[in-house]
Amino acid sequence: MRAVAAVVGALAATTVGLAPSAAADDVQSKQWYLGPMQAEKMWKVSTGTGVKVAVIDSGVNANTSSLKGQVLTDEVPKSVAYRATDDYDGHGTTIAELIAGTGAGGGLKGLSPGAKIIPIRVKFEDLKGSAEELKKTADTTTAIRAAADTDAKIINMSFGSDGPDSDEQAAIDYAASKGKLLIAAVGNDGEKGGHIGYPAADDYVVGVASTDAAGTVSKFSSSGGYVDFSAPGQNFPGWCDGTFRSYCDNMNGTSSAAAIASGSAALIWSAHPDWTVNQVTRALIDTAGRKWPKNKPSTYLGYGAVRPRVVLADSRYNPGPANVDPLRKENGGDLLAKSASSSSSSNSTSPSASASTPSQAPENGSSGATSAEGSSAKSSSDSNTLWIALGAVAAVVVIGGGGLAVMRARRAR
């Protein structure tokens with residue numbers, strides 16, 4: 001069996017008090033992205049209520065102050081129920097809090113605090129348990145299939161391994177056929193050649209890269225033809241380890257970026273519960289912050305920085321057809337399209353309501369062709385918000401002191 005690791009970057013030694021007793025400012029003030037993403041404004045429209053997110057990770061501690069009442073332990077499938085809430089290194093709990101933490105007791109505040117977490121514990125390289133524990137702890141393939149059988153709309157996978165696995169792809173195909181939005185971290189090999197790990201590189205999986213507070217891709221963030229979006233993943237706290245005594249500063253990694261992307265999707269899906277995975281994904285693509293043409297995604301940042309606020313700000317937002325996968329060409333099939341429920345309708349919004357796209361239009365002023373199939377988006381002028389400015393900056397990656405904007409050829413089967 002191949003080795004699978006949580007996708008985390010360097011962790012600074014600085015601790016942030018003893019949460020859950022720490023003051024909220026100790027942790028939440030360091031979640032710098034909440035301001036630029038206008039979280040408080042978004043929460044007036046949606047908090048993620050009604051959306052369940054399966055977190056496949058090192059386990060999720062349901063007893064942290066921020067996660068009390070947020071973890072659906074009774075909805076964990078029996079096949080993966082073994083010690084689901086026993087997080088052996090703190091990684092899974094950090095991811096869960098970044099998605100759905102309430103922030104109570106000075107804990108991390110999730111981007112979608114109204115969402116709920118279904119915890120699924122898997123074997124990572126750092127699980128040093130007994131032979132019995134290793135045997136009973138699920139592998140990622142089993143976990144993905146189990147998550148697909150839950151009521152979770154989103155499956156967060158902040159882990160990776162070096163090569164493809166046919167069994168894992170089959171499990172992902174199964175989840176896609178059930179209409180799940182699969183989100184994964186692209187990996188932290190940006191300074192080692194940029195290799196993107198799996199499952200982010202698998203078909204039907206949305207790969208997320210990391211950006212810093214300036215909107216620039218993180219140096220550690222992997223790059224290539226499998227990056228779909230970018231999200232904040234650098235310089236904010238996370239649990240130091242499995243003892244849960246304190247948070248550490250600078251929990252850097254695309255793991256965190258994937259969690260922010262999952263939280264973003266949860267906000268949108270909660271506001272529009274009748275939308276399909278195709279419509280949620282298309283909305284994320286059309287509203288992502290970027291300055292490059294949408295039909296030429298960036299090697300480093302994909303379609304751009306996730307901006308759920310743009311969707312939530314428009315009550316008449318048109319997400320396009322329910323049964324057209326916007327990434328069909330990249331995915332190489334129609335599983336997501338076929339998964340669209342008959343109750344979902346592409347006409348749920350007024351035909352006159354146009355989806356908003358980022359203010360950074362192509363240089364020639366034309367919207368051009370789009371690789372997001374089924375999109376009817378038009379440009380919007382929304383350049384006065386910081387997150388859009390960050391999206392504009394994010395196309396440039398600093399390598400060896402020079403600026404380099406790279407476009408990528410999309411994944412091919």
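Each residue takes its place number in the sequence, starting with 1.
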Are T137 and R83 side-chain neighbours, meaning at least one heavy-atom pair lies under 4.5 Å?
no
How close do S339 and S177 get, counting heavy atoms only, and between which atoms?
CB-O, 3.3 Å
Ignoring hydrogens and geometry beyond distance, is a side-chain donor-acceptor pair present between D87 and S58 at under 3.5 Å?
yes
Are Q234 and F236 close enough that some pair of their side-chain heavy atoms sits under 4.5 Å apart?
no
Lys/Arg N to Asp/Glu carboxylate O, K338 vs D325, below 4.0 Å:
no
Cation-pi check, K153 to W275: give yes when NZ or CZ is under 6.0 Å from the six-membered ring centre and within 45° of the ring axis, no otherwise.
no
Using a strict threshold of under 4.0 Å (side-chain N to carboxylate O), is an ion pair present between E133 and R121?
yes
Polar contact flag, side-chain donor to acceptor under 3.5 angstrom, T141-D139
no
For the residue pair K109 and Q28, confirm or rule out a side-chain donor-acceptor distance under 3.5 Å.
no
Do D57 and H91 get their side chains close enough for a donor-acceptor pair, meaning under 3.5 Å?
yes
Is the shortest side-chain heavy-atom distance between I118 and E75 below 4.5 Å?
yes
Check: K68 and T102 side chains under 4.5 Å, non-hydrogen atoms
no
Which heavy-atom pair separates L111 from A39 by the least distance, and what is that distance?
CD1-CB, 4.4 Å
Say whether T93 and N61, considering side chains only, have a donor N or O and an acceptor N or O under 3.5 Å apart.
no
If you look at every heavy atom in S158 and A259, which pair is closest and at what distance?
OG-N, 4.5 Å
Can you give me the closest heavy-atom contact between Y204 and D173, atom names plus distance?
CD1-OD1, 3.5 Å
If every non-hydrogen atom of V55 is compared with every non-hydrogen atom of G92, which pair is closest and at what distance?
CG1-O, 4.2 Å
Contact check, side chains of Y226 and V205, non-hydrogen atoms, under 4.5 Å:
no
Any Lys/Arg nitrogen of E373 or R328 sitting under 4.0 Å from an Asp/Glu carboxylate oxygen of the other?
yes
Can a donor-acceptor pair be found between the side chains of Y247 and E97 at a distance below 3.5 Å?
yes
Will you find, in the side chains of T49 and T47, an N or O donor that is under 3.5 Å from an N or O acceptor?
yes
Would you say I117 and I99 make side-chain contact, with heavy atoms under 4.5 Å?
yes
Contact between F229 and I285 at the side-chain level, heavy atoms closer than 4.5 Å - yes or no?
yes
Answer with yes or no whether the side chains of S221 and S210 bring together a donor and an acceptor at under 3.5 Å.
no
